[in-house]
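Here's the structure we're looking at; comments come further down.
Each residue takes its place number in the sequence, starting with 1.
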Amino acid sequence: MKVRYIFKGLLIAILLAATVTSCDYDKDIIEELPVSREFAPVNLTAFVRNQVNVELNWTADENVESYIVEFSADDPEFNNIVNTVEVNAADLPVFVPLEGETVYSIRVKAVSARGLDDSSWATTLAQTLTEQLFVTGEPSDIKALEATLRWVPNSNVTELKLSPGDITHTITAEEKANGVATVTGLTQETEYTAILFNGSKTRGVATFTTGIDIGTGILVTAEDDLLQMIADAEAGTILVLESGDYTAQTGTVTLDKSLTIRGLRSYNKPLLKLSFEIVTGAEDVELIDLDLMGEGEGSSDLPDVIRYTAAGNYNSLLISGCVIHSYAKSFVAGNETDAILQTLTVENSIVYDIFTNGGDFIDFRNSDVLNINLQTSTFYNCAPDRDFIRMDASGTSNESGVTANILIDSCTLYACSNSDSKRILYVRFVSNDVIVRNTLIASTESEGYADRSGIDESPTFSNNNYFNAPGFYDTSQYIFDDSNYSALDPGFADPASGDFTVSNQTIKDKNIGDPRWLSN
């Protein structure tokens, strides 16, 4: 039996060998497919930049002379071709300006460099956003009762519409040519939305807030005794400071009543060298359009910007449109038992060089703050080796059923909590909710958001960017951003001089960071 099987195996092997050797390997190898037309472009992508410009890219082919790109407006069948461009490989990616608020069907074909027919079409879609022809104006353009608006000169525009108030301004031929119009009849301290139209087509949207009309406010000049005027003011008074240098009047101001201290002109802020202690009675305090400075690093004079130093139920602290810098210790702090602040809001401000010697940046220990809102602001070199927000569990409100809320929205943080043992959120208040969105954090060795229990276990992160700040998305940290974050270089203009203008187009398109640095 074994011999018979061996014989069969040999016979099969001989037949297989004969079959293989009978194959013809003398034929030419096919190195190129016989085709009559070029291949269609591959990896076609379309991104909308600056609201109305489409950036197109695809993989270039050395056999292609050029590419034809066609755009069809609100028509997927390409019966409404509104733009055709010819593109060379060297032009990629190509940037094509289009109209706003339109869905474009886009197709690209290759034109052969080797005599073949044109390729078939590769297609994609792009939906442009509302066009933005408004341009940045002069600081003095926005006044209390009127506003000057600017757009790209000689653009096709017909009217401006402002709300609230349903105000319509018909644009003259001269205004159209110059790209400037002044709208009157506005109301002081009102947030307006202005829409620029060409017929029914929106060509720009801008928001602004009118300035203050003194009205019942008290005007203060640099020649006045500011500290005495603050002491003499009645509760609810609005002190309006004319532009000027008030820094010769230095000291710590004790506020025992609700008070607003604000600059007259947001674009020319009064210069102050003050700190504030808030005590019982100062339920609502507003600091608006001021330039506040301390005595610098290591100084025992004016160590904090604001500190709560007495028990009390405090409703709100608003810091808006301010520039604040050069304080040795804390930005806002409270260590007094039974001092409870409902809401701290910082908006449209720039805060830098808060050195936190002996304290944290926002530092509530025996005192409580129940809502922290940091919005549209820039913080740099704040808490260089301390925590950015500290909320302890020692205050009266802790474990009382109250939830503390922290919102950081549309902010730029640079070199904050710049130590590998420090955090942005050192929160031990038992019940807390955290939201961080549209925020750019850069150039910090901080270990990230938090490294211990006590913090919100499921914080909300959305649309943030971290550059040279890996701790914030480090999966080994206690909490970390695992959402749709990016880690792009923002291309800051000059951070050493406090200029955080962003050059990275993706970050600008996604509106990440303090909006003041995102202008195109």
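- Among the candidates Leu518, Asn464, Ile507, Leu413, the single residue satisfying the side chain to side chain contact (heavy atoms under 4.5 Å, CB included) test with Leu440 is Ile507.
- Among all heavy-atom pairs drawn from Val54 and Ala46, the shortest one is CG1-CB, 4.1 Å.
- For the salt bridge (Lys or Arg N to Asp or Glu O under 4.0 Å) test with Arg203, the passing option among Glu131, Glu99, Glu159 is Glu131; the others fail.
- Donor-acceptor pairing under 3.5 Å is recorded for the side chains of Asn381 and Asp353.
- Side-chain contact between Val351 and His325: absent, with no pair of heavy atoms (C-beta onward) separated by less than 4.5 Å.
- The existence of a salt bridge linking Asp291 and Lys269 is excluded, since no basic side-chain nitrogen approaches an acidic carboxylate oxygen closer than 4.0 Å.
- A donor-acceptor pair under 3.5 Å is absent between the side-chain atoms of Asp409 and the main chain of Gln375, judged by distance alone.
- The shortest side-chain heavy-atom distance between Ile319 and Ile306 falls under the 4.5 Å cut-off.
- Ser503 places a side-chain N or O within donor-acceptor distance of the main-chain N or O of Gly491, the cut-off being under 3.5 Å.
- The closest side-chain donor-acceptor pair between Asp481 and Tyr466 falls under 3.5 angstrom.
- Residues Ser458 and Asp456 are in side-chain contact: their nearest non-hydrogen atoms beyond the backbone lie under 4.5 Å apart.
- Of the options Leu374, Asn373, Asn371, Ile372, a side chain to side chain contact (heavy atoms under 4.5 Å, CB included) to Thr345 is made by Asn373 and by none of the others.
- Side chains of Asn348 and Arg516: a donor on one and an acceptor on the other come within 3.5 Å.
- Residues Tyr478 and Glu457 have side chains that bring a donor and an acceptor to within less than 3.5 angstrom of each other.
- In this structure a side-chain-to-backbone donor-acceptor pair under 3.5 Å is missing from Thr403 to Ser431.
- Ser377 places a side-chain N or O within 3.5 Å of a backbone atom of Ser349 that can act as its donor or acceptor partner.
- For the 3.5 Å distance criterion, the side chains of Glu86 and Ser66 qualify, holding a donor opposite an acceptor.
- Taking 4.5 Å as the limit, some side-chain heavy atom of Leu488 sits within range of a side-chain heavy atom of Thr506.
- Considering OG of Ser155 and CG of Leu133, their distance stands at 4.5 Å, rounded to 0.5 Å.
- In the model, Thr193 has no side-chain atom that pairs as donor or acceptor with a side-chain atom of Thr207 under 3.5 Å.
- Between Ser410 and Thr439 the shortest heavy-atom distance is N-OG1, 3.5 Å.
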*Step by step, would you call Ile238 with Arg262 a side-chain contact (heavy atoms from CB on, under 4.5 Å)?*
CA-CA 8 Å; Ile238 301 174; Arg262 64 171 303 156; 4.2 Å; yes
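- Side-chain contact, Asp75 with Ser72: a donor N or O sits under 3.5 Å from an acceptor N or O.
- With salt bridges taken as basic N to acidic carboxylate O contacts below 4.0 Å, one links Arg150 and Asp141.
- Taking the side chain as every heavy atom from C-beta outward, Leu196 and Phe134 approach each other to under 4.5 Å.
- Glu101 and Thr130 share a side-chain donor-acceptor pair at under 3.5 Å.
- Between the side chains of Asn198 and Asn156, no donor-acceptor pair of N or O atoms lies under 3.5 Å.
- Judged purely by distance below 3.5 Å, without hydrogens or angles, the side chains of Glu146 and Thr184 never pair a donor atom with an acceptor atom.
- Note: Ile212 CD1 to Leu145 CG = 11.0 Å, rounded to the nearest 0.5 Å.
- Annotation: side chain of Leu272 is not in contact with side chain of Thr247 (no heavy-atom distance under 4.5 Å).
- Shown here for Pro270 and Leu241, the closest heavy-atom pair between the two residues is CG-CB, 3.8 Å.
- Less than 6.0 angstrom separates the ring centroid of Trp58 from the ring centroid of Tyr67.
- A side-chain N or O of Asp514 and one of Thr378 form a donor-acceptor pair less than 3.5 Å apart.
- Relative orientation of the Tyr449 and Phe472 rings is perpendicular, given thresholds of 30° and 60° on the angle between their planes.
- Cation-pi geometry between Arg107 and Phe78 is met: the NZ or CZ atom falls under 6.0 Å from the ring centre, inside 45° of the normal.
- Under the side chain to side chain contact (heavy atoms under 4.5 Å, CB included) rule, Asn57 has a single partner from Leu44, Asn43, Thr45, which is Thr45.
- Aromatic ring orientation, Phe379 versus Phe331: perpendicular (interplanar angle above 60°, classes split at 30° and 60°).
- Taking all atoms of both residues into account, the shortest heavy-atom contact from Leu317 to Leu341 is N-CD1, 4.0 Å.
- Put simply, the side chain of Asp91 never gets that close to the backbone of Val87: no donor and acceptor are under 3.5 Å apart.
- Looking at Ile455 and Val434, their side chains come closer than 4.5 Å, going by heavy atoms from C-beta outward.
- The backbone N or O of Asp489 lies less than 3.5 Å from a partner atom in the side chain of Asn504, making a donor-acceptor pair.
- Remark: Asp166 CG is loosely packed, at most 12 non-hydrogen atoms of other residues, nucleotides or ligands lying under 6.0 Å away.
- Aromatic ring pairs are classed by plane angle as parallel below 30°, tilted from 30° to 60° and perpendicular above 60°; the pair Tyr352 and Tyr380 is parallel.
- Cation-pi geometry between Lys161 and Phe197 is met: under 6.0 angstrom from the ring centre, within 45 degrees of the axis.
- By the 4.5 Å heavy-atom criterion applied to side chains, Asp474 and Phe480 are not counted as neighbours.
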